[in-house]
Amino acid sequence: MAQFFHPNRVAIDSQDDIYVADTANHSIRKIDPLTCQLTTYAGQNGIRGSNDGALQQATFAWPSGIAVDQSGVVYVGDTINNKIR
């Protein structure tokens with residue numbers, strides 16, 4: 001079962017999917033509101049880093065901000081890496 005570790009911010013896309021900056025797990029989580037299924041959307045759960053790449057290849061260091069634009073692009077405030085990704 002997936003668990004959060006210091007969830008920080010949330011954003012909701014046009015499909016009502018919920019994205020959570022799971023700060024201490026160094027990942028972005030996605031909740032499907034219809035099934036209540038929680039998945040790791042981006043990052044490698046529990047692995048801190050600064051790698052750019054595809055969703056599951058990317059790594060974050062304490063992501064604390066999140067936003068989704070009208071096109072469905074997810075933006076992450078990657079705190080320790082001082083980046084918007």
(message) On a heavy-atom basis, which atom in Gln44 and which in Gln56 lie closest, and how many Å separate them?
(response) CG-O, 3.2 Å
(message) Distance check, rounded to the nearest 0.5 Å: Thr23 atom OG1 versus Asn8 atom CG?
(response) 3.5 Å
(message) Just verifying a value: how many Å separate Tyr19 OH and Arg29 CZ, rounded to the nearest 0.5 Å?
(response) 14.5 Å
Okay, side chain of [X], backbone of [Y]: is any donor-acceptor separation there less than 3.5 Å?
| X | Y | result |
| --- | --- | --- |
| Asp13 | Asp17 | yes |
| Asp22 | Phe5 | yes |
| Asn25 | Gln3 | yes |
| Asn81 | Lys83 | no |

Can you list, pair by pair, the side-chain donor-acceptor contacts under 3.5 Å of residues 35-43, counting residues two or more places apart and other chains?
| from | atom 1 | to | atom 2 | distance (Å) |
| --- | --- | --- | --- | --- |
| Thr35 | OG1 | Gln37 | N | 3.2 |

Starting from [Y], can I reach [X] by hopping between I/L/V/M/F/W/Y residues whose side chains sit under 4.5 Å apart?
| X | Y | value |
| --- | --- | --- |
| Val10 | Tyr75 | no |
| Ile12 | Ile31 | yes |
| Val74 | Val20 | no |

Mind listing the side-chain donor-acceptor pairs of residues 59-67 below 3.5 Å, one per line with the distance, residues two or more places apart or on another chain?
| from | atom 1 | to | atom 2 | distance (Å) |
| --- | --- | --- | --- | --- |
| Thr59 | OG1 | Ser50 | N | 3.0 |
| Thr59 | OG1 | Asn51 | N | 2.8 |
| Ser64 | OG | Thr79 | OG1 | 2.6 |

